[in-house]
Chemist: 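I am attaching a structure below and will ask some questions about it afterwards.
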Amino acid sequence: METQTQAFNHLLPLDFDNVSTLPDSYAWSTTNLPSDDPCNCMINDRKASLPVIDIGEPNAYDLVRHACEKWGAFQVINHGVPLSLFREIEFQTRQLFSLSTDQKLLVARPPSGVIGYGSARISPFYPKLMWTEGFGMMGSPVEMKTLCDKIVRIMLGSLGLTYEDDIKWFQPLNGSDQTQCMFHFQLNSYPVCPDPDRAMGLAPHTDSSLITLLNQCNINGLQVYQDGAGWVSVESVEGALVVNVGDMMQVISNGKFKSVLHRAVVNSTCHRVSTAFFLMPQSDVEVSPLKKLIDSSHPPLYRTVTGKEYFQLKYKVFNKALESIRL
Ligand SMILES: O=C(O)CCC(=O)C(=O)O
Ligand SMILES: [Fe+2]
């Protein structure tokens with residue numbers, strides 16, 4: 001009889017604790033990638049660093065706008081989410097990944113789903129496997145929802161927009177606190193790696209979200225790609241959250257804010273975990289460049305897509321999804 005482990009082979013991460021050398025299927029080589037593929041770029045300009053923004057400061061709007069245009073990301077401090085919540089989430093995340101493989105597979109992610117345990121969802125788009133395991137859920141603590149709301153407000157405000165006037169699907173429905181947004185909460189685990197220079201934690205991708213809030217849990221590993229600088233490591237700052245501009249924000253801002261290409265690298269000394277909250281439009285929401293950003297000299301750059309259509313595209317053409325809806 002097929003064991004549970006065999007049944008989930010397609011999404012089964014390696015038994016990381018019991019390998020002392022990097023298997024060939026996990027050894028990333030740049031030789032078979034196109035020369036313009038960002039994976040080929042190993043430059044790390046140490047002079048550049050992702051802005052850390054105190055969103056309580058009066059100049060926060062300008063700083064956020066600049067960061068979203070130049071980097072597609074920034075770190076946020078003074079955001080109001082208590083450190084105790086981050087510590088509790090990290091503790092529970094480590095507990096979850098320390099369970100046995102058979103226990104984790106009781107909640108295995110279906111092949112095309114986002115909820116449950118398994119290997120990186122972007123694996124099918126790369127020839128090599130990634131040194132990671134993940135667990136996806138729907139929903140988010142209320143503190144993170146409130147913060148997403150605050151950050152989207154600042155991003156839009158920095159472009160002279162409000163979501164009350166400019167994004168219908170962001171507003172509460174009929175006086176309730178329900179909106180047409182949804183949250184996907186992803187826990188990532190990157191075990192200690194015997195050969196980190198040849199391995200990849202999470203390969204380059206952009207997030208499909210409107211924005212993502214990422215906690216590196218005090219261990220560096222996230223890198224963002226910037227034209228001219230290459231891959232830049234994001235220094236973990238205790239209590240700070242990384243904010244990524246996602247594909248949906250690039251669409252509604254009509255390309256003013258850019259969805260950041262990023263990846264996670266691994267290390268040989270400590271087991272890294274990270275937690276990501278993705279703010280997404282619900283599947284039937286129509287997403288398009290916001291009207292006030294369009295005029296005769298700024299024509300719409302993207303066609304209207306529903307959340308569902310875009311997510312399906314992303315799982316078909318991956319990093320070319322934005323390009324495929326460009327007008
Ligand atoms: O672990 C990280 O630093 C990056 C995680 C990430 O990019 C994601 O979950 O989409
Ligand atoms: Fe990501």
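Computation of the quantities below employed the complete heavy-atom set of this structure, encompassing side-chain atoms and omitting hydrogens, waters and symmetry-equivalent molecules. All figures in this text were calculated on a predicted structure; none of them were measured in a lab. Both counts, for ligands and for their atoms, begin at 1 and track the order of listing.
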Chemist: What protein heavy atom sits nearest atom 5 (C) of ligand 1, and how far away is it?
Modeler: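 Looking only at protein heavy atoms, the one closest to atom 5 (C) of ligand 1 is N188 ND2, 3.4 Å.
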Chemist: If you consider just the N/O/S atoms, which atom of D207 is the closest one to the Fe ion (ligand 2)?
Modeler: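 Result for D207 and the Fe ion (ligand 2): OD1.
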Chemist: For H262, take its heavy atoms, then give the atoms of ligand 1 lying under 4.0 Å from any of them.
Modeler: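 Counting atoms of ligand 1 from 1, those under 4.0 Å from H262 are 7 (O).
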Chemist: Mind checking whether H205 has a heavy atom under 4.0 Å from ligand 1?
Modeler: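 Yes; H205 lies near enough to ligand 1 that a heavy-atom distance drops under 4.0 Å.
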Chemist: Quick one: which ligand 1 atoms are inside 4.0 Å of a heavy atom on D207?
Modeler: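 Under 4.0 Å from D207, ligand 1 has these atoms: 10 (O).
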Chemist: Q75 and side-chain contact (heavy atoms from CB on, under 4.5 Å): which single residue from V243, I53, V237, L214 fits?
Modeler: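 Exactly one candidate clears the test, V237.
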Chemist: Hey, is ligand 1 close enough to S274 that some N/O pair sits below 3.5 Å?
Modeler: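 The answer is yes, given that S274 and ligand 1 share an N or O pair closer than 3.5 Å.
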Chemist: Nearest 0.5 Å, please: how far is OH in Y225 from CH2 in W71?
Modeler: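 Here the rounded value is 12.5 Å.
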Chemist: Only heavy atoms of Y190, strictly under 4.0 Å: list the atoms of ligand 1 that pass.
Modeler: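 Answer, ordered by atom number: 1 (O), 2 (C), 4 (C), 5 (C).
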Chemist: Between N188 and T132, does a side chain to side chain donor-acceptor pair (under 3.5 Å) hold up when you go through it step by step?
Modeler: CA-CA 7 Å; N188 300 308; T132 189; 5.0 Å; no
Chemist: I'd like to know if M144 and M137 are part of one continuous hydrophobic network [Ile/Leu/Val/Met/Phe/Trp/Tyr, side-chain heavy atoms within less than 4.5 Å].
Modeler: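 Looking at the clustering, M144 is in the same group as M137.
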Chemist: When rounded to the nearest 0.5 angstrom, what distance separates OG in S274 from CD in Q186?
Modeler: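 Separation between the atoms: 8.0 Å.
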Chemist: Any idea how Y26 and F16 line up, ring-wise: parallel (<30°), tilted (30 to 60°), or perpendicular (>60°)?
Modeler: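 Rings of Y26 and F16: perpendicular, as their planes differ by over 60°.
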Chemist: Can you list the atoms of ligand 1 that are under 4.0 Å from a heavy atom of R272?
Modeler: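 Close to R272: 1 (O), 2 (C), 3 (O).
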Chemist: Verify the ring-centre separation between F277 and F185: is it less than 6.0 angstrom?
Modeler: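 They qualify: ring centres under 6.0 Å apart.
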Chemist: Give me the nearest non-hydrogen protein atom to atom 8 (C) of ligand 1 as residue plus atom name, then the distance to 0.1 Å.
Modeler: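 Atom 8 (C) of ligand 1 sits closest to the protein heavy atom L202 CD2, 3.7 Å.
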Chemist: Please classify the L214 to ligand 1 contact at 4.0 Å (heavy-atom distances, strictly less than): side chain, backbone, both or neither.
Modeler: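 Contact part for L214 vs ligand 1: side chain (C-beta onward).
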Chemist: Tell me whether L210 shares a hydrophobic cluster with I325, the cluster being built from Ile, Leu, Val, Met, Phe, Trp, Tyr side chains joined at under 4.5 Å.
Modeler: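 In one cluster with L210: I325, yes.
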Chemist: Could you tell me whether N244 approaches ligand 1 through its side chain, its backbone, both or neither, with non-hydrogen atoms closer than 4.0 Å?
Modeler: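 Neither; no heavy atom under 4.0 Å.
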